[in-house]
Amino acid sequence: MEKTSDLIVRALESEGVKYIFGIPGEENLDLLDSISNSSIKMILTRHEQGAGFMAATYGRLTGSPGVCLSTLGPGATNLVTAAAYAQLGGMPMIMITGQKPITMSKQGRFQIVDVVEMMRPLTKMAKQIVHGHTVTSIIREAFRVAVEERPGAIHIELPEDIARENSDAEIYDKTGYQPAVADSHSIVDVVHKIQQAKTPLILLGAGANRRGTRNAIKSLIDKTGIPFFTTQLGKGVVDERSPLCLGTAAVSSNDCVHMAINSSDLIINIGHDVIEKPPFFMTRGGFEVIGINFFAAHVDEVYFPQMELVGDISSSVAQLTQYIEEQSHWDFRFILDIKKRLDLSIEEGAKDSSFPISPPKLVSIVRNIMPSDGIISLDNGLYKIWFARNYQAHEPNTVLLDNSLATMGAGLSVAMASKIIYPDKKVLAICGDGGFMMNSQELETAVRLKLSIVVLIVNDSAYGMIKWKQQEMGFKDFGLDFKNPDFIMYAKSYGAGGHRIEKTGELKALLEQCFEVGGVHVIDVSVDYTRNHELLNACMNVNTTEGGCDDGFKS
Ligand SMILES: Cc1ncc(C[n+]2csc(CCOP(=O)(O)OP(=O)(O)O)c2C)c(N)n1
Ligand SMILES: [Mg+2]
């Protein structure tokens, strides 16, 4: 017989868990004590949301579920946004929350909300442990379900009295997960369809960033010469410096890449699903789409693939590559002309030295100082569109952004988890002044953990993204400006370095110096969003052989 909380921790160890992120309450004290006697490191955060974002990022980067912990009621409600973040983002994560004793309690309904019911729509599985005997099978099942495609969030509620009771349950061995593979008949049909097309294009989406598909996809591109573009969550699957890379669909329509998409008759979509903001809108009679993903496509008014290959992405793509042959009737001239426009517009943006800094210049400086394997973690705001569009990712999962829940407030925690997982990589968080202030208290966690990360705050004293939309929609400027604390003093009060640039030319050296010195650094960078629309349209206005579009962007 063994105390149930000890047994749970042993089961977590056997699943390979190295960290538990969270804030315990009194209902978790048995579990906390069991963790203290284990190999698992407890990472205490300053808000449950931060713990959840970190656990989700652990899952996103390693493929194994990240684990987070909170108390009942308010601790669990604070985990809700992180649950949605992991669930929509396809990140395996397990949340363990406490609960009052279920067999006998003297506290009435104090702090009690039905957490399992609350978590159900936000998770793949939500379950209360009601007996010590079932605990090991529930843990095994939680880890199995969390990683199975499409990965996501799991909730387990552990009541205080169950954590304390004895159990003789035995631990189940960890089993690997192997996605099923598509059948060879469908591969033949897909090869035929692609070979018949006039201008096929490859789209790389979130699923392709999940489990090592790079080599298979690169071989397909190398063999066929078919140009490719990515969704925001598909960045870095293949090195974006490739001459065949048309960039990222950072908005849903009317950017350069959409001119290419609209001139194509067939999109080979590898790994994108509709939970991400659409990279394009399908219309009836327009280009067709072949969906290649681990699971069948959810059909939507703007997404209804005509053909699918359902199964392990690497395997489907490797089979495609084996059978497909480059076709002499494929015509990519117009598409590669668009690629020139995009490259030119990015080069132009890098020349702007005005201050406050312009978004394209900011992207070019960051790209310049980050090594190929360096990680940028983006919070949500207007600058994210610019990084998605102009920052060429060299390696998979080096641009960590959220294009599914698209929540503000995750950027710093995501950067922290990345640094914990990859202590030797350079990690830069890029947050708006709005998003940074939503979870800035995690600076204390970062300083306490002695992490080396740099946080760049894109400062416009406003919720800039919404201000831009307000203007685009013809509304008057109202209700979106705020005042910031002094970010230098704020950072220093946490024991972090605090910096501000007064000229655009200072940023590169300052970033380099912060990485060199190590520790936590906050850099306040004033941004000029007033020319956002004009700059985004710059690509369309570059003069090449074909005319551009003149209607506005839809983000
Ligand atoms: C938690 C949350 N609240 C609100 C929004 C809606 N929203 C999206 S971007 C944005 C403004 C972001 O402001 P900031 O972080 O300052 O970045 P900026 O756009 O100004 O660069 C808002 C309010 C959101 N995505 N997430
Ligand atoms: Mg802002």
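Both ligands and their constituent atoms are indexed starting at 1 by order of listing. Counting begins at 1 with the first residue of the sequence.
Listed by number with element, the atoms of ligand 1 under 4.0 Å from a non-hydrogen atom of Leu382 are 18 (P), 19 (O), 21 (O). Counting the atoms of ligand 1 from 1 in the order shown, those under 4.0 Å from a heavy atom of Asp460 are 20 (O). Near Asp433, the atoms of ligand 1 lying under 4.0 angstrom from a non-hydrogen atom of the residue are 16 (O). Residue-ligand proximity, Tyr383 to ligand 1, at heavy-atom distances under 4.0 Å covers atoms 17 (O), 21 (O). Atoms of ligand 1 found under 4.0 Å from any heavy atom of Gly434 (numbered from 1 in listed order, with element): 14 (P), 15 (O), 16 (O). Ligand-side atoms of ligand 1 in range of Gly464: 13 (O), 18 (P), 19 (O), 20 (O), range being under 4.0 angstrom from any heavy atom. Close contacts between ligand 1 and Thr407 involve ligand atoms 1 (C), 26 (N) [criterion: under 4.0 Å to a heavy atom].
Distances shorter than 4.0 angstrom do not occur between any heavy atom of Val458 and any atom of ligand 1. Under a 4.0 Å heavy-atom criterion, Trp468 is not in contact with ligand 1. Judged by the shortest distance from any of its heavy atoms, Ala462 lies inside the 4.0 Å radius around the atoms of ligand 1.
Donor-acceptor pairing under 3.5 Å is recorded for the side chains of Gln441 and Asn439. In the model, Glu27 has a side-chain atom that pairs as donor or acceptor with a side-chain atom of Thr71 under 3.5 Å. In this model, a donor atom of one side chain and an acceptor atom of the other lie less than 3.5 Å apart for Glu157 and Gln128. Between the side chains of Glu48 and Ser70, not a single donor N or O lies within less than 3.5 Å of an accepting N or O.
By the criterion of a separation under 2.8 Å, the protein N/O/S atoms near the Mg ion (ligand 2) amount to Asp433 OD1, Asp460 OD1, Ala462 O.
Looking only at heavy atoms of the protein, atom 21 (O) of ligand 1 is closest to Tyr529 OH, 2.6 Å. Atom 3 (N) of ligand 1 has its closest protein heavy atom at Met408 SD, 3.7 Å. Atom 8 (C) of ligand 1 has Ile466 CD1, 3.9 Å as its closest protein atom, hydrogens excluded (heavy atom only). Ranking protein heavy atoms by distance to atom 25 (N) of ligand 1, first place goes to Ala406 O, 2.9 Å.
Between Lys351 and Glu347, none of the side-chain N atoms (NZ, or NE/NH1/NH2) sits under 4.0 Å from a carboxylate O, so this pair counts as no salt bridge. Between Asp402 and Lys384, none of the side-chain N atoms (NZ, or NE/NH1/NH2) sits under 4.0 Å from a carboxylate O, so this pair counts as no salt bridge.
Of the inter-residue distances, the one linking Arg150 atom CZ with Leu88 atom CG reads 6.5 Å to the nearest 0.5 angstrom. Atom OG of Ser452 is separated from atom NZ of Lys450 by 11.0 Å, given to the nearest 0.5 angstrom.
With Val454 as the partner, the side-chain contact (heavy atoms from CB on, under 4.5 Å) test is satisfied by one option alone out of Val520, Leu511, Val517: Leu511. When each of Val527, Val458, Asn532, Asp460 is paired with Leu382, the side-chain contact (heavy atoms from CB on, under 4.5 Å) condition holds for Asn532 and for no other.
Applying the ring-ring contact (aromatic ring centres under 6.0 Å, His included) definition to pairs two or more places apart or across chains, those involving residues 404-441 are Phe436-Phe487.
The closest donor-acceptor contact from the side chain of Glu276 to the backbone of Gln232 lies under 3.5 Å.
Residues satisfying the ring-ring contact (aromatic ring centres under 6.0 Å, His included) criterion with Phe280, sequence neighbours excluded, are Phe287. Checked against ring-ring contact (aromatic ring centres under 6.0 Å, His included), Tyr463 has the following partners two or more places apart in sequence or in another chain: Phe482.
When only interatomic distances are considered, the shortest N/O to N/O separation between Gly435 and ligand 1 falls below 3.5 Å. Checking only distances, Met465 does come within under 3.5 Å of ligand 1, N or O to N or O.
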